[in-house]
A.B. asks: 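Take a look at the following structure, please.
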Number of protein chains: 2
Amino acid sequence: MKRAATRGTRKGSFDRPQHDHARCIADALQSASMVCAAQGVRLTEQRRRVLELVWQSHRPIGAYEILDQLTDGSGRRAAPPTVYRALDFLLAHGLIHRVESRNAFIGCSHPGTEHVVEIMLCTDCGRAAEIDDQRIDRAVRAAAAEIGFRIERQTIEIDGRCGHCQARPAHA
Amino acid sequence: MKRAATRGTRKGSFDRPQHDHARCIADALQSASMVCAAQGVRLTEQRRRVLELVWQSHRPIGAYEILDQLTDGSGRRAAPPTVYRALDFLLAHGLIHRVESRNAFIGCSHPGTEHVVEIMLCTDCGRAAEIDDQRIDRAVRAAAAEIGFRIERQTIEIDGRCGHCQARPAHA
DNA sequence: AAGTGTATTGTTATACTATATCAATCAGCA
DNA sequence: TGCTGATTGATATAGTATAACAATACACTT
Ligand SMILES: [Zn+2]
Ligand SMILES: [Zn+2]
Ligand SMILES: [Zn+2]
Ligand SMILES: [Zn+2]
């Protein structure tokens, strides 16, 4: 977690397509292990495998996509509750986020810290980037305060085209 | 539409529970009629009925809830595509909004105008209020600009407790 | 008024997403 | 070891959304 600032996605932007993604995965698993230890909960093998599948790319992944890849060693496909239980655990402990507008999930880019979840989603390459912009949060809080609304959760998902994709013809 | 400013929900806040909701519905249907006329599209009876059902309360309503109430005069329940087609039409012409975090729909509080959709959702009374806060939009645009992201759509849904509900014990 | 082409609706089937329920197994501890 | 709660397995089902094609209604021309 101390190395977080050195990671591409943790800068609140989209990684270069060529970045060292193996490291993203390794870091995420490492952070998850520490977060679970700190919270006194078990990162079981199932949960670790699901987290790894979520992190296999920076694209949001659906529960059934995970399911299709989650074989039990002998090649048998798991049942839906297996994957949903793992996802629920990972959500509860802040290791992944749900992308409501896609019915899908992404790995949290700064686990173990309190933060509002703000996600940018590229409609071209399909990748997601979690940003952590205080100005958005402050603006939302101000708007809520004005009408006496007490915020419990924010769902902020911005669709558009990322910088890397804009530098190329669409869908290249 | 000229009377929009006089309507409760159009002030970007939660109506009093006792407000004249019949007028909300009537105004919404009236606005919809004008918007469709202006855009040269037909607000058919099906579409009008679905819009009316969406506006029957300020709570987001699911497609299948609409379906259950959408009888064809002789009491026969419509089929899913019927309601989804109407919803798609209403969405396409800015008469309703989809609440992604709930798989449900609400009537648009300012149809016929360009606006980003920002929704507050009360977890107590279940009602939704569409706000139109420029500060949030500006903050999102600023954050996107910084990382070279070109925004196409914003999904902003804030869960919490509305002022009316805070003035009472929970779930009263 | 009849004909023609498009938009809308009806109908059936199916895909996709998520949860309820109960049984079996596993991990940590007395 | 045996107990207890957490985790996983397995089956069934609920909830959300779309594909595909037929039938009907509408707008517009002739
Ligand atoms: Zn996060
Ligand atoms: Zn992209
Ligand atoms: Zn609106
Ligand atoms: Zn309320």
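Letters A, B, ... are given to chains in the order of the sequence lines, protein chains preceding strands, and every chain is numbered from 1.
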A.B. asks: Using the test ring-ring contact (aromatic ring centres under 6.0 Å, His included), find all partners of B/F105 that sit at least two apart in sequence or belong to another chain.
C.D. replies: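 Not a single residue meets the ring-ring contact (aromatic ring centres under 6.0 Å, His included) criterion with B/F105.
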A.B. asks: Using ring-ring contact (aromatic ring centres under 6.0 Å, His included) as the criterion, list what pairs up with A/H93, not counting sequence neighbours.
C.D. replies: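 ring-ring contact (aromatic ring centres under 6.0 Å, His included) list for A/H93, sorted by chain: A/F89.
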A.B. asks: Scan for side-chain hydrogen bond (donor to acceptor under 3.5 Å, both in side chains) pairs involving residues 135-145 of chain B, sequence neighbours excluded, and state none if there are none.
C.D. replies: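 The answer is A/E146-B/R135, B/D133-B/R135, B/D137-B/R141, B/D137-B/Q154.
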A.B. asks: Using atom names, set out every protein N or O paired with an N or O of nucleotides 12-21 of chain D below 3.5 Å, distance rounded to 0.1 Å.
C.D. replies:
residue: D/dA17; atom: OP1; partner: B/R98; partner atom: NH1; Å: 2.7
residue: D/dA17; atom: OP1; partner: B/R98; partner atom: NH2; Å: 2.6
residue: D/dA17; atom: OP2; partner: B/Y84; partner atom: OH; Å: 2.9
residue: D/dA17; atom: O5'; partner: B/Y84; partner atom: OH; Å: 3.4
residue: D/dA17; atom: N7; partner: B/Y64; partner atom: OH; Å: 2.7
residue: D/dA17; atom: N6; partner: B/Y64; partner atom: OH; Å: 3.4

A.B. asks: Does anything in residues 101-114 of chain B pair up under salt bridge (charged side-chain N to carboxylate O under 4.0 Å, His left out), and if so which pairs, sequence neighbours excluded?
C.D. replies: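 Pairs touching residues 101-114 of chain B that pass the test: B/R102-B/D159.
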A.B. asks: Can you list every salt bridge (charged side-chain N to carboxylate O under 4.0 Å, His left out) pair that touches residues 55-70 of chain A, not counting sequence neighbours?
C.D. replies: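 Residue pairs with at least one partner in residues 55-70 of chain A: A/D68-A/R77.
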A.B. asks: Pairs under 3.5 angstrom only: tabulate donor-acceptor contacts from the side chains of residues 32-46 of chain A to other protein residues two or more places apart or in another chain.
C.D. replies:
residue: A/T44; atom: OG1; partner: A/R47; partner atom: N; Å: 3.4

A.B. asks: Could you list the protein-to-nucleotides 25-30 of chain C atom pairs, N/O on both sides, closer than 3.5 Å?
C.D. replies:
none

A.B. asks: Could you tell me the separation between the CG atom of B/L90 and the P atom of C/dT9, rounded to a whole number of Å?
C.D. replies: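 The answer, rounded to whole Å, is 10 Å.
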A.B. asks: Does A/T44 place a side-chain N or O at less than 4.0 Å from the phosphate oxygens OP1/OP2 of D/dA6?
C.D. replies: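 No, no such contact exists.
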A.B. asks: Cluster partners of A/V116, using ILVMFWY side-chain heavy atoms under 4.5 angstrom, listed by chain and number?
C.D. replies: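 Joined to A/V116, directly or through intermediates: none.
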A.B. asks: Is the shortest side-chain N/O distance from A/T82 to OP1 or OP2 of D/dA10 below 4.0 Å?
C.D. replies: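 So the side chain of A/T82 is outside the cut-off, no N or O lying under 4.0 Å from OP1 or OP2 of D/dA10.
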